[in-house]
Amino acid sequence: MTLLKHEIKMYGKTWIIWSMCIGICCFSCLLLFESLKESMEEIADMFSVMGGFSAALGMDKVSIGTITGFYATEVALIFALGGAMFAAMTGVSVLSKEEEGHTADFLHTLPLGRGHIVLWKYASVCLLCLLFSAATMIWILLGFFCMGEMPSVREFLLYHGAQLLLQLEIGSICFLISSICKKKQTGGALGFAVLLYMMELMCRVIPAMKGLKYVTPYYFANASDIFSQGRLNGEMALASIAVTVLSAAGAFVIYRQKDLS
């Protein structure tokens, strides 16, 4: 528990900055809807039949002329990318920073097994993702409240639950990378989060690349799909959980056998 508190304290400033930046961006975009509402209503039908462009942004499923549709197609993208990048950045550095900063010399002389260290460090990644989601949701709900219209509770919670699974999956994969590398691979982790999003766009636009939907967690956590269908793809959610568990287990096994520098 002491190690968990230490990690939360270490990443506390990063969590505050990221959650405030992403939250305020989402809040501001929701407030912009009032001034864009009339023009959005006029072009919503046109956007809905623009083929691949509409499919990529989900405009063929929900109308951007409503605040819920505007959130699902425009604002949710900010939250999804911001959350994924935060999870990737946190997961990829939490173990490797010990070797890079030469603090492993001190940490591993303590009467703590490597399994104990990995467990609490992974718990800190999960807790930080949860705190990020909770803090950002407050800003988003505040934006809806200021607009005088609240989203459907069921769809809203389903979407943000799916986003938390997405963050945990990406964070876990990057945690596995962190257990292998001796230096923080922050740039690579951020690029990985963006690459997965690009895969989601391609599998929606290019029929030949439809199989990528099984690779990227952005597909099952897509806001337009969830808000239009009112449900989550259970099979893909279970696959995401499986990848998360396997990545965490892999990090545990690798780090216990690793020669620390």
Side-chain angles (χ1 to χ4, degrees), residues 48 51-62 68-69 71-88 90-92 122-123 125-130 132-134 136-137 140 151-177 189 192-253:
S48 66
F53 178 79
S54 300
L57 297 179
M59 294 181 184
D60 57 335
K61 299 181 180 69
V62 293
T68 301
Y71 173 72
T73 57
E74 308 294 336
V75 184
L77 174 58
I78 300 173
F79 174 75
L81 280 174
M85 293 172 75
F86 174 78
T90 304
V92 83
Y122 182 69
V125 174
C126 296
L127 182 56
L128 284 165
C129 289
L130 181 60
F132 172 85
S133 291
T136 312
M137 280 176 65
I140 293 170
S152 167
V153 175
R154 174 183 168 80
E155 282 78 12
F156 186 79
L157 292 179
L158 274 176
Y159 169 67
H160 283 276
Q163 283 296 314
L164 181 59
L165 284 179
L166 177 148
Q167 292 168 20
L168 291 177
E169 180 179 348
I170 293 177
S172 298
I173 294 173
C174 290
F175 185 75
L176 174 62
I177 296 171
F192 174 66
V194 175
L195 177 63
L196 289 176
Y197 174 69
M198 293 304 299
M199 287 182 180
E200 196 243 356
L201 286 182
M202 288 188 289
C203 75
R204 290 183 183 274
V205 175
I206 306 172
M209 304 186 75
K210 195 72 174 177
L212 287 176
K213 68 180 182 180
Y214 298 107
V215 177
T216 171
Y218 286 95
Y219 191 89
F220 84 89
N222 183 275
S224 299
D225 289 345
I226 295 172
F227 277 92
S228 62
Q229 299 171 8
R231 61 182 178 84
L232 195 62
N233 188 311
E235 292 182 359
M236 289 191 175
L238 288 174
S240 176
I241 293 172
V243 171
T244 301
V245 173
L246 290 173
S247 297
F252 182 85
V253 172

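None of these values were measured; they are calculated from a predicted model. Here, residue 1 is the first one in the sequence, and each next residue gets the next number.
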**Request:** Would you confirm whether Y159, through its side chain, and A76, through its main-chain N or O, come within 3.5 Å as a donor-acceptor pair?
**Result:** yes
**Request:** Would you tell me whether E200 and T216 have side-chain atoms, one donor and one acceptor, within less than 3.5 Å of each other?
**Result:** no
**Prompt:** F132 and T90: side chain to side chain contact (heavy atoms under 4.5 Å, CB included), yes or no, with the steps?
**Reply:** CA-CA 11 Å; F132 172 85; T90 304; over 6 Å; no
**Asked** Checking side chain to side chain contact (heavy atoms under 4.5 Å, CB included) for the pair L165/T244: CA distance, chi angles, key distance, verdict?
**Response** CA-CA 8 Å; L165 284 179; T244 301; over 6 Å; no
**Request:** Compare every heavy atom of C129 with every heavy atom of A87, then report the nearest pair and how far apart it is.
**Result:** CB-SG, 3.7 Å
**Request:** Report yes or no: does S172 contribute a side-chain atom to a donor-acceptor pair with the main-chain N or O of L168 at less than 3.5 Å?
**Result:** yes
**Request:** Identify the heavy atoms of L212 and C203 that sit nearest to each other, and give their distance.
**Result:** CB-CB, 3.8 Å
**L176 to A251 - nearest heavy-atom pair and separation** = CD1-N, 3.4 Å
**Step-by-step side chain to side chain contact (heavy atoms under 4.5 Å, CB included) determination, I170 to L196** = CA-CA 9 Å; I170 293 177; L196 289 176; 3.9 Å; yes
**Asked** Which pair of non-hydrogen atoms, one from L232 and one from A162, has the smallest distance, and what is that distance?
**Response** CD1-CB, 3.5 Å
**Request:** State, to 0.1 Å, how close L164 and S133 come at their nearest heavy-atom pair, and which atoms those are.
**Result:** CD1-OG, 3.9 Å
**Request:** Could you grab the distance from atom SG of C174 to atom CD of E169, nearest 0.5 Å is fine?
**Result:** 10.5 Å
**Message:** When you measure from the side chain of Y218 to the backbone of A193, do you find a donor-acceptor pair of N or O atoms at a distance under 3.5 Å?
**Reply:** yes
**Request:** For Y122 and F252, run side chain to side chain contact (heavy atoms under 4.5 Å, CB included): C-alpha distance rounded to whole Å, both residues' side-chain angles, the deciding distance at 0.1 Å, then the answer.
**Result:** CA-CA 9 Å; Y122 182 69; F252 182 85; over 6 Å; no
